[in-house]
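Inspection log for the structure reproduced underneath, given as structure tokens.
Remember, it's a predicted structure, so these values are computed and weren't measured experimentally. Letters A, B, ... are given to chains in the order of the sequence lines, protein chains preceding strands, and every chain is numbered from 1.
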Amino acid sequence: MEQEPKVKPKGKKKGITVGKAEAREMLLQMYEIRAFEEQAEKSYMAGKIHGTMHLSIGQEASAVGSISTIEPTDYILGHHRGHGLCIAKDADLNLMMAEFYGKENGYCRGRGGSMHIADVEGGNLGANGVVGGGLPMAVGVGVGLKMRAKGQVILSFFGDGAASTGAFHESMILAVLFKVPVVFICENNQYAMSFRTSDWTTSENLAGLAEHYGMPAVATDGNDLLAVREAVEEAVEYARSGQGPYLVVNDTYRWRGHSKSDRNRYRTQEEIDEWKSVDPIERFRKVASKKKWLTAKEADEIKDEGYARIEAARIFAEDSPEPTVESIEEGVYAP
Amino acid sequence: MREITYLEAIREAMTQEMERDESVFLIGEDIGTYGGAFQVTHGMYEQFGPERILDTPITELGLTGAATGAALIGMRPIAEIMFMDFTTLASEQLVNQAAKLRFMFGGKASVPMVLRTPAGSGTGAAEHHSQSLENWFVHVPGLKVVMPTTPYDAKGLLLASIRDNNPVVFVEHKLLYKTKGEVPEEDYTIPLGQADVKRSGTDLTIVATSIMVSRSLEAAEELAKEGINVEVVDPRSLRPLDTGTIVESVKKTGKVLIVHEAVKTGGFGGELAGVIAESEAFGYLEAPIVRLAGREIPIPYNRTLEQNAVPQVANIVEKARDIVQLKV
């Protein structure tokens, strides 16, 4: 199933914003995400992980394409399937993996785990365990950024599941009302747990919904890194220039189940295989080769580098200390 | 000293803090030109403009989340929820997000926000506009819960709440808005977690919250005529709670009556009773710990029924007398 972009990004083309260096960096991040997720699964199967996890294999282009458009001083706020978003926001892989393992030197001292990895200083305001929970907060971040007037933006990621919540409705309204520098990015991976999103909407309709609220919106082929990047680039420019919020819907697919309890009863293997045939990583490799950004050999080396970094992070995490019980009550209140 | 109302004290605290600190802003429903449903923010829109007085459509969840997000990057928002009943709609952001972000992120974030909301019955507003839900939030680690009774406390506690680096639920009482008291013009703070002995006495300790402090003080006046000398302790902040002042008072009097408007079952009185029972004051008790609280019903509309749904001065007098005379 080769997907064509369903909606072409509007406005002028900004020409080539990707060169060899950017292509390398983006491919590396996609491989790091893929490798992180695969390692997460392996560690879980090996009984080394206490909790559950939500893997984003198959959605790498959405995370990397979107976040590659912003500055280090900008913010992101994620959702429960957020490993890829952290990596795309330049998370320290060791600290991330240590958090996944629940270790003291993880990003959140082992208190948050897979679903809550955050790096506030690094502009990552955290993954969120409540579907739709990040949307109202992103509006508030936008309010603060607008008041400070330093030209910063926030990318607010949510899934198709969050789009059916009341939080989405209220957040769209407030974002438009306050004209905040927020780019909402809906990662439509087709299922809210087991609920088929196409039973109530589509990526194009979600974009249309935002337009009804009064913000520009576009649906992209979310497995096409460059299409995502181009759409989000335009959205970021719009938000940064003070024109207000923007919604980009990345149409994509999660290869793995919702979480570890998922037995895939609600979809067919054929459907999963079809989406695997439009693997965002393979597609970007083809483009990068065609545009002479990366040779096949270079791409393979990048892949090896990504997997090696994750392996190093695994070792770091496994060698890291557990939190002490004596410290259990720390961090509830700020001084 | 000049006297102003409880409502004016709250407005003055917000105004002075907004003049002092650019990161403070207000967000809520009808807080702009309307001046807030109870007129608490009257005139503030004219002074600070739409950039800092964010008037919203009906979006309790959205505006509470917006306050949370803004606080997460270092702003100091004050959100107004028009009636405490509607905090149920805001609870996801308050309970799951604002309260937990710091701990969840390993102590590396803070959420310095205030959520102001009027609680309580007595206005004939019936079931959906009269609840006292403070203990729902007391139950959540990460939140602070403050309930001022006097204009002086309202101003000092609100200034402390805005400067606090944690989410604070600031519970006002509708019937207190027009009460007057002495309030200094300059800014001052009252530390959260510091109870206040509103009246000294030796025969009985009444620990009361919000409007029940006023009613208990009235009751104490009547009891004084009978020679019963009542001490009234106002915790002022429920979380954190100043247990020391309460325990010392009970040790002195040996008898305690707890009074609040919220429904008794699961109410803050249970917590107070537990704190006293677990403390060294237990050995000083000469009578059972008694709670006087709201009946186990929603707040009804009819005036007589409404008045009978929550403790009134006469109920407090009667219950206090029974305890002192060991009739409980």
Side-chain angles (χ1 to χ4, degrees), chain A residues 75 77 99 104-113 115-121 123 125-126 128-130 132-148 152 154 156 165-175 177-178 180 182 323 327 329-335, chain B residues 22-25 27 50-52 54-77 79 89-90 92-93 95-113 140-144 164-168 192-193 239-240:
Chain A
Y75 289 93
L77 207 158
E99 185 58 34
E104 174 66 26
N105 53 357
Y107 266 119
C108 307
R109 301 184 65 201
R111 271 67 172 175
M115 245 186 295
H116 303 297
I117 298 173
D119 174 18
V120 175
E121 274 184 26
L125 299 181
N128 207 287
V130 178
L135 290 167
M137 280 193 277
V139 174
V141 174
V143 167
L145 295 180
K146 190 177 170 186
M147 285 181 179
R148 287 182 183 167
Q152 291 159 290
I154 176 168
S156 169
T165 67
F168 173 78
H169 179 67
E170 294 192 13
S171 300
M172 294 296 106
I173 290 166
L174 292 180
L177 180 71
F178 298 138
V180 288
V182 179
S327 70
E329 293 187 4
E330 290 173 11
V332 179
Y333 289 98
Chain B
E22 278 189 354
S23 65
V24 179
F25 69 92
I27 183 166
E51 294 79 17
R52 295 180 71 194
L54 275 57
D55 211 348
T56 73
I58 312 298
T59 50
E60 284 83 9
L61 177 68
L63 76 90
T64 304
T68 306
L72 188 56
I73 61 162
M75 304 298 285
R76 291 189 179 272
L89 295 155
E92 194 285 301
Q93 288 293 316
V95 174
N96 291 329
Q97 311 297 345
K100 292 178 176 56
L101 289 174
R102 181 178 177 79
F103 184 81
M104 196 160 93
F105 294 169
K108 296 171 191 168
S110 57
V111 184
M113 64 176 276
V140 180
L143 295 181
K144 294 187 177 183
D164 198 281
N165 290 321
N166 298 282
V168 179
L192 308 188
R239 180 191 266 272

- Item | Side chain to side chain, Y333(A) and R239(B), heavy atoms closer than 4.5 Å | yes
- Query: Can you list the residues that meet the side-chain contact (heavy atoms from CB on, under 4.5 Å) rule with E22(B), with sequence neighbours excluded?
  - Reply: none
- Query: Are any non-hydrogen side-chain atoms of L125(A) and I73(B) less than 4.5 angstrom apart?
  - Reply: yes
- Tell me, for I27(B) versus chain A, whether the close heavy atoms (under 4.5 Å) come from the side chain, the backbone, both or neither. side chain
- In Å, rounded to the nearest 0.5 Å, how long is the span from CZ of F105(B) to CZ of R111(A)? 14.5 Å
- Query: Are E121(A) and K108(B) close enough that some pair of their side-chain heavy atoms sits under 4.5 Å apart?
  - Reply: no
- Under 4.5 Å heavy-atom distance to chain A, tell me which part of E92(B) shows up: side chain, backbone, both or neither. side chain
- Applying a strict 4.5 Å limit to non-hydrogen atoms, the region of D119(A) in contact with chain B is neither
- Item | Interface moiety of L145(A) toward chain B, non-hydrogen atoms closer than 4.5 Å | both
- Task: Evaluate the side-chain proximity of P57(B) to L177(A): yes if any heavy-atom separation is below 4.5 Å, no if none is.
- Result: yes
- Query: Quick one: which residues of residues 166-173 of chain A reach chain B at under 4.5 angstrom, heavy atoms only?
  - Reply: A167(A), E170(A), I173(A)
- Task: Among L72(B), L101(B), I58(B), single out the residue with the greatest number of heavy-atom pairs under 4.5 Å to chain A.
- Result: L72(B)
- Query: How many angstroms lie between atom CZ of R148(A) and atom OG of S23(B), to the nearest 0.5 angstrom?
  - Reply: 8.0 Å
- Query: Which heavy-atom pair separates L61(B) from P136(A) by the least distance, and what is that distance?
  - Reply: O-CB, 4.0 Å
- Message: On a heavy-atom basis, which atom in M147(A) and which in L54(B) lie closest, and how many Å separate them?
- Response: CE-CD1, 4.0 Å
- Taking all non-hydrogen atoms of both residues, which atom of S110(B) and which atom of A334(A) are closest, and how far apart? CB-CB, 3.9 Å
- Query: Which region of V120(A), side chain (C-beta onward) or backbone (N, CA, C, O), has a non-hydrogen atom less than 4.5 Å from a non-hydrogen atom of chain B, or is it both or neither?
  - Reply: side chain
- d(H116(A) NE2, M104(B) CE) to nearest 0.5 Å is 4.5 Å
- pair M75(B)-V143(A): side-chain heavy atoms closer than 4.5 Å: no
- Examine whether an atom of P335(A) lies under 4.5 Å from a heavy atom of chain B, and if so say whether it belongs to the side chain, the backbone or both; otherwise answer neither. both
- Item | Side-chain touch Q97(B)/M137(A), heavy atoms, less than 4.5 angstrom | yes
